[in-house]
2 protein chains.
Amino acid sequence: MDDAEAGSKAPGRETYHHGDLRRDLIASVRQLVETHGPDGFSVAEASRAAGVSTAAPYKHFKDKTAILHAVVEDAMQRMADAMADAVAPHPVGSIERIDALGRSYIDFARAQPGVFRLMFGLTRGHENDEVIMERGRSAFRIVVDCVADYLGIDRDANLAWQRAYMLWCFVHGHSFLVIDDKTTKQELDIDEITLLSAVSQGILGTVSKAADS
Amino acid sequence: MDDAEAGSKAPGRETYHHGDLRRDLIASVRQLVETHGPDGFSVAEASRAAGVSTAAPYKHFKDKTAILHAVVEDAMQRMADAMADAVAPHPVGSIERIDALGRSYIDFARAQPGVFRLMFGLTRGHENDEVIMERGRSAFRIVVDCVADYLGIDRDANLAWQRAYMLWCFVHGHSFLVIDDKTTKQELDIDEITLLSAVSQGILGTVSKAADS
DNA sequence: CTTGATAAGTAAGCAATGCTAACTTAAGTT
DNA sequence: AACTTAAGTTAGCATTGCTTACTTATCAAG
């Protein structure tokens, strides 16, 4: 989808070498994860999609899970980028920035629920992958900064971290409930945007005293 | 672990029939899901754990996923029970009830992260299992009731549902982040109980106006 | 008690998967 | 032109999910 130039001889290729199998595999897996769910993806199927033998992927990845990790690393980057893009058009310190952040998070989850689930939990060993953790932290950093700017406090202030985490919990939970269809939306009778901004303002505006242990 | 009397001839049994294989399988699977993760469980392994041939489970369950659904149904029930138990000792309408509710939810997730992940997402077709959905709804019902009682409004009031959902999102999200080790606790520097009650009071106390679309 | 019917187990086997090993082909490098 | 090496291939192993056909126990009825 990006990185314009590349091998791209596949599929049904006539050259022996593929061009950029690694990149193509990640893309194939990403799609398979979306259509068949995170669990129901097979290396064999991805190989076929890339038009290559079932053993070829192991020249580029150690493991099945190594492929998944690569997909997650990629997704983490895309998510962080999406968040940064969502924030950009709004003035620093505005509540709009925070709302936009939340919306971009939920949008990402809704658009690619399979990958989203992959990013959190599911697969063993995420916590040991430093690339994934680092990109996750840098995404969270955006939230912290926006919160700090909105509250007019230092970006390293503990309070900013706490509030940011509260918001993250809410948005994260809502995202999961949405993609898992546990939303009970009909009874809820409130649209997402309203819900989101109500919670943001509630958490950021008025919890101050109680949060200080 | 419960339901005292039962077959329980296994394992290394000497009778041809097992006693209550179905129940034992669910228990085995539950354990396997915890140790090997929700994805890394195999019917074969569960069969071995129950001391029975690999084909035996198919006399009791249609599918691999049917087994997982049974585990989830069981877990949903246990979770709803845990929540009801947590609430019971506190007076109706008190904030303690709500805090206890949140804590029991998180405790459940922490105690059995594999099953918890199984309950939400991961496996295809939860949304079509009426038993699972019903038990989930009845668990949420507890939250709604506690919130309504605390706010002193009707238990069917829309506002109660909205606030309950907000709380649920937060607790749910926090639970996932905890079991996925994305917590960044060291930077957070606030204990869970404080965090929890701060958010509850914030959401229940002061968001009122903004939430009404 | 024998007799059936049925529930609950087993054994054997199929297709598919994850992964490895040994080989082949292409593409530089010197 | 010869070597090295990256990137494919085929063949095969062990394991898995699941099915089919068979075996064994249990229970109800005569």
Side-chain angles (χ1 to χ4, degrees), chain A residues 5-29 31-33 35-71 118 122-125, chain B residues 5-29 31-33 35-71 118 122-125:
Chain A
E5 64 88 49
S8 57
K9 303 283 169 54
R13 72 195 197 281
E14 58 279 349
T15 55
Y16 185 82
H17 285 281
H18 179 282
D20 194 346
L21 181 55
R22 194 190 144 93
R23 210 170 60 87
D24 257 35
L25 273 179
I26 294 182
S28 298
V29 168
Q31 200 178 338
L32 285 176
V33 162
T35 58
H36 299 118
D39 38 339
F41 127 80
S42 78
V43 180
E45 207 168 351
S47 306
R48 264 165 306 198
V52 83
S53 82
T54 62
Y58 295 92
K59 296 289 169 175
H60 297 270
F61 299 98
K62 168 178 158 289
D63 247 347
K64 178 179 183 175
T65 63
I67 306 182
L68 291 182
H69 276 221
V71 171
L118 215 55
L122 181 59
T123 319
R124 257 333 187 243
Chain B
E5 64 88 51
S8 56
K9 303 283 169 54
R13 72 192 196 283
E14 58 279 348
T15 56
Y16 184 82
H17 284 283
H18 179 281
D20 193 347
L21 180 56
R22 194 191 144 91
R23 213 170 59 86
D24 256 36
L25 273 178
I26 294 181
S28 297
V29 168
Q31 199 178 338
L32 285 176
V33 162
T35 58
H36 299 118
D39 38 339
F41 126 81
S42 78
V43 180
E45 207 168 351
S47 306
R48 263 164 305 196
V52 83
S53 81
T54 62
Y58 294 94
K59 297 288 170 176
H60 297 271
F61 299 97
K62 169 179 157 290
D63 247 347
K64 177 179 184 174
T65 62
I67 306 182
L68 291 182
H69 276 221
V71 171
L118 215 54
L122 179 60
T123 320
R124 256 335 186 245

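Proteins come first, then strands; the chains are lettered A, B, ... in the order of their sequence lines, and each starts at number 1.
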**Message:** Can you give me the closest heavy-atom contact between A:S28 and A:A49, atom names plus distance?
**Reply:**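 It is OG-CB, 4.0 Å.
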**Item:** Minimum heavy-atom distance A:P38-A:L118, with the two atoms named
**Value:**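 Shortest heavy-atom contact: CB-CD1, 3.8 Å.
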**Asked** What distance separates A:D24 CG from A:H60 NE2, expressed to the nearest 0.5 Å?
**Response**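 Output value for this atom pair is 10.0 Å.
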What is the separation between atom [atom1] on [X] and atom [atom2] on [N], rounded to the nearest whole Å?
X: A:L21; N: C:dA26; atom1: CG; atom2: P; answer: 17 Å
X: A:F61; N: D:dA7; atom1: CZ; atom2: C1'; answer: 14 Å
X: A:D20; N: C:dA27; atom1: CG; atom2: C1'; answer: 16 Å
X: A:D39; N: D:dT16; atom1: CG; atom2: C1'; answer: 15 Å
X: A:K59; N: C:dA26; atom1: NZ; atom2: C1'; answer: 14 Å

**Prompt:** Hey, does the side chain of B:H60 come within less than 4.0 Å of C:dA7's phosphate (OP1/OP2), counting only N and O?
**Reply:**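 For C:dA7, neither OP1 nor OP2 has a side-chain N or O of B:H60 closer than 4.0 Å.
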Residues in side chain to side chain contact (heavy atoms under 4.5 Å, CB included) contact with [X], at least two apart in sequence or another chain:
X: A:A70; value: A:R22, A:I26, A:F61
X: B:Y58; value: B:V43
X: B:A56; value: B:L21, B:V52, B:S53
X: A:E45; value: A:L32, A:H36, A:S42, A:R48

Look for any protein N or O under 3.5 Å of an N or O in nucleotides 16-19 of chain C and output each such pair with its distance, or none.
unit_1, atom_1, unit_2, atom_2, d
C:dT17, OP2, A:R48, NH2, 3.4
C:dG18, OP1, A:V43, N, 3.3
C:dG18, OP1, A:K64, NZ, 3.0
C:dG18, OP2, A:V43, N, 3.0
C:dG18, OP2, A:A44, N, 3.3
C:dC19, OP1, A:D63, OD1, 3.0
C:dC19, OP2, A:Y58, OH, 3.1
C:dC19, OP2, A:K64, N, 2.9

**Angle by which the axis turns from one end of the helix from C:dC1-D:dG30 to C:dT30-D:dA1 to the other, five pairs per end, to 10 degrees** =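 Taking the rotation axis at each end, their angle is 10°.
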**Prompt:** Is there side-chain contact between B:V33 and B:V71, with heavy atoms separated by less than 4.5 Å?
**Reply:**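 They are not in side-chain contact.
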